[in-house]
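Side chains included, hydrogens not; waters and symmetry mates left out as well; all remaining heavy atoms used. When a ligand or atom number is given, it counts from 1 through the structure's own listing order.
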Amino acid sequence: MRITLLLAATACIMAAVLLCLSGRESRLLRADPDSIPGNAALMAFALSRGEPLFQMHCAACHGTQGQGDTGRGVPALNDGDWLYGTGAVSDIEQVVKYGIRSYHPRAWNLAIMPAYATPRPSARDSRIQSLSPQSIRDLVEFLFRAQGRTADAAGAARGAILFAGAGGCYDCHAMDAKGDSAIGAPDLTDRITLWGDGSRESLSMSIAYGRRGLCPAWVTRIDPVGIREVAVFVYSLSRPRSRRGGAV
Ligand code: HEC
Ligand code: HEC
């Protein structure tokens with residue numbers, strides 16, 4: 001009798017906990033994603049569950065602190081610099097769902113960095129012509145100058161002409177080389193590199209052999225509430241104050 005009562009009581013507590021959890025889960029799902037950081041209780045709940053999901057699914061590429069890996073073209077998620085969107089929870093959630101160049105039909109349909117040292121730099125656009133090693137060196141000098149670093153003046157001047165003309169770089173990275181997040185072309189004037197250490201060598205590797213980073217689509221692997229939780233956690237990585245509750 002006593003055991004039955006005890007079991008019943010335990011079952012009641014379990015049910016209450018489950019109900020409570022699913023209540024918070026459904027509140028999380030119903031909320032406007034960008035309002036979550038302003039709701040301390042919901043934020044704390046999402047973070048407590050988003051972090052383990054991040055460690056399980058994302059850390060292998062993005063690093064346990066979201067620091068990224070320039071050896072593999074994996075961006076840092078903790079620096080407030082976004083390739084896609086503005087870093088709002090809703091933008092992050094969109095990337096996490098469908099990925100980047102992930103072959104998911106709803107993934108961002110993005111450009112690919114052509115391989116200019118090869119006979120056919122772009123499989124998609126036959127108008128893009130190969131560049132000589134000298135032209136690639138000049139473009140690197142131009143990028144160094146654009147980043148405010150010491151560069152060879154004559155090379156940079158020739159590189160500027162190539163960038164805005166025959167090289168076709170402006171078409172994706174924009175005339176001012178600040179990139180275009182709509183097609184995933186990074187800002188080339190800042191010193192934040194997606195690939196490599198930003199040295200002359202790594203810049204010329206990008207131009208010569210091309211780049212295409214892939215972030216998997218998670219919509220088929222993580223349930224909707226988990227995707228939102230992990231998106232909230234990623235949001236918090238570049239805004240440490242948001243972890244203590246309160247919008248930033
Ligand atoms: C068809 C569009 C396209 C064109 C044209 C293009 N790029 Fe890119 N470029 C990209 C994309 C997209 C990436 C990022 C690839 C990724 O996300 O992995 C990139 C990456 C780069 C990078 C690496 C940046 C980093 O942060 O590591 C450099 C350097 C670069 N491009 C320089 C150039 C130069 C110089 C030209 C012209 C000769 C050029 N690109 C032309 C689309 C383009
Ligand atoms: C296989 C490696 C890999 C895994 C696993 C991975 N990513 Fe990515 N992720 C990438 C790469 C590479 C890019 C950059 C793609 C590009 O070149 O534009 C990226 C880009 C992103 C971006 C866009 C960053 C920006 O600057 O706009 C977000 C957000 C992101 N990933 C979140 C996640 C989350 C959350 C997970 C786990 C659920 C995850 N990723 C798992 C490789 C990975």
Side-chain angles (χ1 to χ4, degrees), residues 50 53-63 66 68-70 72-87 89 91-97 99-102 107-108 110-117 121-125 127-131 135-136 138-140 142-143 146-147 159-160 162-174 177 179-181 183-198 200 202-219 221-222 226-227 229-235 237-238:
L53 281 171
F54 183 87
Q55 299 304 344
M56 191 192 316
H57 297 292
C58 325
C61 289
H62 287 282
D69 178 357
T70 55
R72 294 193 287 159
V74 183
L77 300 175
N78 61 0
D79 61 358
D81 176 65
W82 299 98
L83 286 162
Y84 308 100
T86 58
V89 176
D91 288 337
I92 298 170
E93 188 173 59
Q94 198 64 15
V95 173
V96 180
K97 270 188 186 159
I100 297 160
R101 303 187 187 92
S102 65
W108 298 63
L110 298 171
I112 287 164
M113 173 64 195
Y116 283 94
S122 165
R124 295 183 179 182
D125 187 346
R127 290 167 304 171
I128 297 180
Q129 302 288 311
S130 313
L131 293 173
S135 297
I136 293 176
D138 291 343
L139 281 160
V140 168
F142 165 68
L143 293 182
Q147 292 169 6
L162 277 169
F163 192 93
C169 322
Y170 68 93
D171 202 15
C172 295
H173 292 281
D180 179 353
S181 68
I183 59 164
D187 185 347
L188 302 175
T189 66
D190 61 16
R191 300 231 193 141
I192 302 174
T193 52
L194 186 55
W195 292 93
D197 58 5
R200 284 185 165 83
S202 77
L203 291 176
S204 37
M205 288 293 282
S206 292
I207 302 170
Y209 301 109
R211 304 287 195 191
R212 65 159 83 185
L214 185 155
C215 189
W218 295 97
V219 69
R221 288 183 252 184
I222 304 180
I227 287 193
E229 288 158 356
V230 87
V232 169
F233 177 71
V234 169
Y235 170 95
L237 283 173
S238 60

Notebook entry, point to check: Near Asp81, which atoms of ligand 2 are under 4.0 Å from a heavy atom of that residue?
Noted result: 26 (O)

Notebook entry, point to check: How does Val95 reach ligand 2, if at all, at less than 4.0 Å between non-hydrogen atoms: by side chain, backbone, both, or neither?
Noted result: side chain

Next item on the list: Could you see which bit of Ser122 sits under 4.0 Å from ligand 1, with heavy atoms only: side chain, backbone, both or neither?
Entry: neither

Check: Got an N, O or S from Ser206 under 2.8 Å of atom 8 (Fe) of ligand 1?
Finding: no

Checklist line | Closest protein heavy atom (residue, atom, distance) for atom 26 (O) of ligand 2 | finding: Leu83 N, 2.8 Å

Next item on the list: Write out the residue and atom name of the closest protein heavy atom to atom 28 (C) of ligand 1, then the distance separating them to 0.1 Å.
Entry: Leu188 CD2, 3.6 Å

Note to self: With a sphere of 6.0 Å drawn around CZ of Arg127, does it hold more than 12 non-hydrogen atoms of other residues, nucleotides or ligands?
What the structure shows: no

Margin query: As a test of understanding, state which of Pro121, Ser130, Cys169 forms a side-chain contact (heavy atoms from CB on, under 4.5 Å) with Pro114.
Written below: Pro121

Check: What is the nearest protein non-hydrogen atom to atom 18 (O) of ligand 2, stated with its residue, atom name and distance?
Finding: Tyr84 OH, 2.5 Å

Notebook entry, point to check: Please state which protein non-hydrogen atom is closest to atom 33 (C) of ligand 1 and give its distance, to 0.1 Å?
Noted result: Met113 CE, 3.3 Å

Check: Quick one: nearest non-hydrogen protein atom to atom 41 (C) of ligand 1, plus distance?
Finding: Tyr116 OH, 3.4 Å

Check: Does Gly73 have a non-hydrogen atom less than 4.0 Å from ligand 1?
Finding: no

Notebook entry, point to check: To which of His173, Arg211, Gln129 does the heavy atom nearest atom 9 (N) of ligand 1 belong?
Noted result: His173

Next item on the list: Please step through side chain to side chain contact (heavy atoms under 4.5 Å, CB included) for the pair Val230 and His57, ending with a clear verdict.
Entry: CA-CA 10 Å; Val230 87; His57 297 292; over 6 Å; no

Note to self: Need the ligand 1 atom indices (1-based, order shown) with element for anything under 4.0 Å from a heavy-atom of Gly184.
What the structure shows: 11 (C), 12 (C), 14 (C)

Check: ligand 1 versus Asp125, non-hydrogen atoms closer than 4.0 Å: side chain, backbone, both, neither?
Finding: neither

Item checked: Nitrogen or oxygen of Trp218 less than 3.5 angstrom from that of ligand 2 -> no

Note to self: For atom 42 (C) of ligand 2, what's the nearest protein heavy-atom neighbour? Residue, atom name and distance, please.
What the structure shows: Leu214 O, 3.4 Å

Checklist line | Shortest-distance N/O/S atom, His62 versus atom 8 (Fe) of ligand 2 | finding: NE2

Check: For Val234 and ligand 2, does the shortest N/O to N/O distance drop below 3.5 Å?
Finding: no

Checklist line | Donor-acceptor contact below 3.5 Å, side chain Trp195 vs main chain Thr193 | finding: no

Check: Is ligand 1 under 4.0 Å from a heavy atom in the side chain of Leu139, in the backbone, in both, or in neither?
Finding: side chain

Item checked: For Arg212, the ligand 1 atoms whose distance to one of its heavy atoms is below 4.0 Å -> 18 (O)

Check: Where does Ile100 meet ligand 1, judged by heavy-atom distances below 4.0 Å: at the side chain, the backbone, both, or neither?
Finding: neither

Note to self: Distance check, rounded to the nearest 0.5 Å: Leu188 atom CG versus Leu143 atom CG?
What the structure shows: 5.5 Å

Item checked: Donor-acceptor pair, side chain of Arg101 and main chain of Ala111, under 3.5 angstrom -> yes

Checklist line | Residue from Asp81, Ile192, Leu194 passing side-chain contact (heavy atoms from CB on, under 4.5 Å) with Pro75 | finding: Leu194

Notebook entry, point to check: In terms of residue, atom name and distance, what is the protein heavy atom nearest to atom 27 (O) of ligand 1?
Noted result: Trp195 N, 2.8 Å

Checklist line | Ligand-residue contact atoms, ligand 1 with Leu203, heavy atoms, under 4.0 Å | finding: 29 (C)

Next item on the list: Could you find the nearest protein heavy atom to atom 5 (C) of ligand 2 and give me its residue, atom name and distance?
Entry: His57 O, 3.4 Å

Check: Leu194 heavy atoms, cut-off 4.0 Å: which ligand 2 atoms fall inside?
Finding: 17 (O)

Check: So which protein heavy atom does atom 14 (C) of ligand 2 come closest to, and at what separation?
Finding: Pro75 CD, 3.3 Å

Note to self: Below 4.0 Å, non-hydrogen atoms only: which portion of Cys169 touches ligand 1? Side chain, backbone, both or neither.
What the structure shows: both

Check: Given that the side chain starts at C-beta and the backbone is N, CA, C, O, which of these parts of Arg101 lies under 4.0 Å from ligand 1, counting heavy atoms, or is it both or neither?
Finding: side chain

Item checked: Close-contact set for ligand 1 against Gly168 heavy atoms, below 4.0 Å -> 5 (C)

Notebook entry, point to check: Among Val74, Asp69, Leu214, which one satisfies side-chain contact (heavy atoms from CB on, under 4.5 Å) with Cys61?
Noted result: Val74

Margin query: Counting non-hydrogen protein atoms only, what is the nearest one to atom 13 (C) of ligand 1? Give residue, atom name and distance.
Written below: Pro186 CD, 3.4 Å

Check: Got a sec: is Cys61 within less than 2.8 Å of atom 8 (Fe) of ligand 2 via an N/O/S atom?
Finding: no

Note to self: Please state which option from Cys58, Gly85, Gly66 has its nearest heavy atom closest to atom 37 (C) of ligand 2.
What the structure shows: Cys58

Check: Counting each atom of ligand 2 from 1 as listed, which ones have a heavy atom of Pro216 under 4.0 Å away?
Finding: 3 (C), 4 (C), 6 (C), 7 (N), 43 (C)

Next item on the list: Measure the shortest side-chain to side-chain distance between Phe142 and Leu162 over non-hydrogen atoms and say whether it is less than 4.5 angstrom.
Entry: no

Next item on the list: Any atoms of ligand 1 less than 4.0 Å from a non-hydrogen atom of Leu131? List them with their elements.
Entry: 38 (C)

Notebook entry, point to check: Which atoms of ligand 1 are found less than 4.0 Å from any heavy atom of Cys172?
Noted result: 1 (C), 2 (C), 3 (C), 4 (C), 5 (C), 42 (C), 43 (C)

Check: Nearest to atom 29 (C) of ligand 2 by heavy atom, Leu77, Ile112, Ile227: which?
Finding: Leu77

Notebook entry, point to check: When you look at CZ of Arg212, are more than 12 heavy atoms from neighbouring residues, nucleotides or ligands closer to it than 6.0 Å?
Noted result: no

Note to self: Within the 4.0 Å heavy-atom shell around Ile207, which atoms of ligand 1 are there?
What the structure shows: 32 (C), 35 (C)

Check: Can you list the ligand 1 atoms lying under 4.0 Å from a non-hydrogen atom of Ala111?
Finding: 2 (C), 12 (C)

